[in-house]
Amino acid sequence: MADLKLRSQAGADLGTIGGDAHWFDIAPNIPVMHQVVTAQLAARRRGTQSTLTRAEVSRTSKKSRNQKGGGTSRQGSMRAPQWVGGGVALGPKPRKYAERTPKKMINLALRSALSDRATDGKVVVIDSFTGAAPKTKDGNKSLTAMGIEGRVLVVLDASSEAEVNGGKAMRNIPNVQLIEAGELNAYDVLLNDWVIFSKSTLPGDSANAAGATTGGKQGSPA
């Protein structure tokens, strides 16, 4: 078991909570994390760049000059790549950059990222969210009371109104990123300095482990 910081929504220290060793206490696999993150970023590329070949460019196909007698090289068409306004040779065409990444590799990358943050003491669990009206100043106070600075990833349960309100209190704070439990992925964990879970979104419980293993936004375009 890994000991994770337990805090109240107001930031009060409530001690520690045991985190599942399967998720928070493994040796980070850096090569796998690199491969998964690289594949995830590649899948976000639109791949819409396109150039016209000599067959597609709109230009006359008439010979630029006589075949013989001019003392110059022979030219067959003004659409050829060597002419200004001609087609592009071997230019880029629309393509997909997505790579197939095994689910076990995505899972390992996520567990490695969470374990890395847990080892540094950068994983916090909120005991419970209140259903009070969301206010950004309350969210700022909570982060300040918990001593959290830098980029923060907040993982919420979208089915809980209290957690949705808690997320609304933080969504306008700079450097705070909100995601649902089913979207949890290695890239977002590594992108942020801190990770904040609620008890219902903490990986390891049967209720949410399945959602966390999906790898979130792996392979989806941005």
Side-chain angles (χ1 to χ4, degrees), residues 2-20 22-24 37 40 43-44 103 106-107 109-111 113-118 121-222:
D3 290 333
L4 307 177
K5 299 177 181 179
L6 184 63
R7 299 288 188 270
S8 68
Q9 185 177 359
D13 187 355
L14 301 179
T16 61
I17 184 174
D20 192 335
H22 179 74
W23 290 95
F24 298 100
V37 169
Q40 185 172 339
R44 293 185 177 188
K103 290 183 179 179
I106 297 173
N107 179 280
L110 175 57
R111 293 191 291 118
L114 290 175
S115 295
D116 179 72
R117 290 295 179 264
K122 297 296 183 68
V123 177
V124 176
V125 180
I126 300 296
D127 180 52
S128 64
F129 285 90
T130 64
K135 295 182 179 180
T136 302
K137 67 176 182 179
D138 292 337
N140 268 316
K141 288 181 179 178
S142 296
L143 295 179
T144 302
M146 289 186 281
I148 294 179
E149 297 179 349
R151 298 182 62 90
V152 185
L153 177 67
V154 183
V155 186
L156 299 171
D157 180 3
S159 63
S160 169
E161 182 178 355
E163 292 195 22
V164 170
N165 285 338
K168 288 180 179 179
M170 296 183 179
R171 67 182 176 183
N172 290 329
I173 302 176
N175 296 326
V176 173
Q177 178 185 356
L178 306 178
I179 64 171
E180 298 179 9
E183 298 175 337
L184 186 61
N185 62 93
Y187 173 70
D188 285 330
V189 173
L190 295 172
L191 184 66
N192 293 277
D193 303 310
W194 292 80
V195 183
I196 297 179
F197 290 99
S198 65
K199 279 188 173 180
S200 61
T201 59
L202 186 65
D205 295 334
S206 59
N208 56 65
T213 59
T214 60
K217 295 176 281 187
Q218 174 70 31
S220 61

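Only heavy atoms go into these numbers, but all of them, side chains included; no hydrogens, no water, no symmetry mates.
Within the 3.5 Å criterion, the main-chain N or O of W194 finds no donor-acceptor partner in the side chain of R117.
Not counting sequence neighbours, T144 has no partner by the side-chain contact (heavy atoms from CB on, under 4.5 Å) test. For N172, the side-chain contact (heavy atoms from CB on, under 4.5 Å) test picks out T136, with sequence neighbours left out. Not counting sequence neighbours, the partners of K168 by the side-chain contact (heavy atoms from CB on, under 4.5 Å) test are P134, V164, N165, R171. Partners of D127 by salt bridge (charged side-chain N to carboxylate O under 4.0 Å, His left out), not counting sequence neighbours, listed by chain and number: K199.
Among pairs with a residue in residues 5-14, those fulfilling salt bridge (Lys or Arg N to Asp or Glu O under 4.0 Å) read R7-D13, at least two apart in sequence or across chains.
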What side-chain donor-acceptor pairs closer than 3.5 Å can you find for residues 147-159, not counting sequence neighbours?
| residue | atom | partner | partner atom | Å |
| --- | --- | --- | --- | --- |
| R151 | NE | L191 | O | 3.3 |
| D157 | OD1 | S159 | N | 3.1 |
| D157 | OD1 | S159 | OG | 2.7 |
| D157 | OD2 | S159 | OG | 3.1 |

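Between F129 and S198 there is a side-chain heavy-atom pair separated by less than 4.5 Å.
The minimum heavy-atom distance linking E163 with S200 is given by the pair OE2-OG, 2.7 Å. When all heavy atoms are compared, the tightest approach of H22 to D20 is N-OD1, 2.9 Å. Of all the heavy atoms in N185 and E183, the pair that sits closest is ND2-O, 2.8 Å. Closest non-hydrogen pair, S115 versus W23, comes out as OG-O, 3.1 Å. Among all heavy-atom pairs drawn from A10 and A145, the shortest one is O-CB, 3.5 Å. Among all heavy-atom pairs drawn from L178 and G167, the shortest one is CD1-O, 3.0 Å.
Of the inter-residue distances, the one linking I126 atom CD1 with L14 atom CG reads 9.0 Å to the nearest 0.5 angstrom. Separating the NZ atom in K141 from the CD atom in Q9 is a distance of 12.5 Å, to the nearest 0.5 Å.
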* Criterion side chain to side chain contact (heavy atoms under 4.5 Å, CB included) on K122 and N192, from CA distance to verdict -> CA-CA 10 Å; K122 297 296 183 68; N192 293 277; over 6 Å; no
* To do: Applying side chain to side chain contact (heavy atoms under 4.5 Å, CB included), run through L143 and I196 and close with a yes or a no.
  => CA-CA 10 Å; L143 295 179; I196 297 179; 3.8 Å; yes
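The only option from D3, V123, L4, V124 that meets the side-chain contact (heavy atoms from CB on, under 4.5 Å) definition with I17 turns out to be L4.
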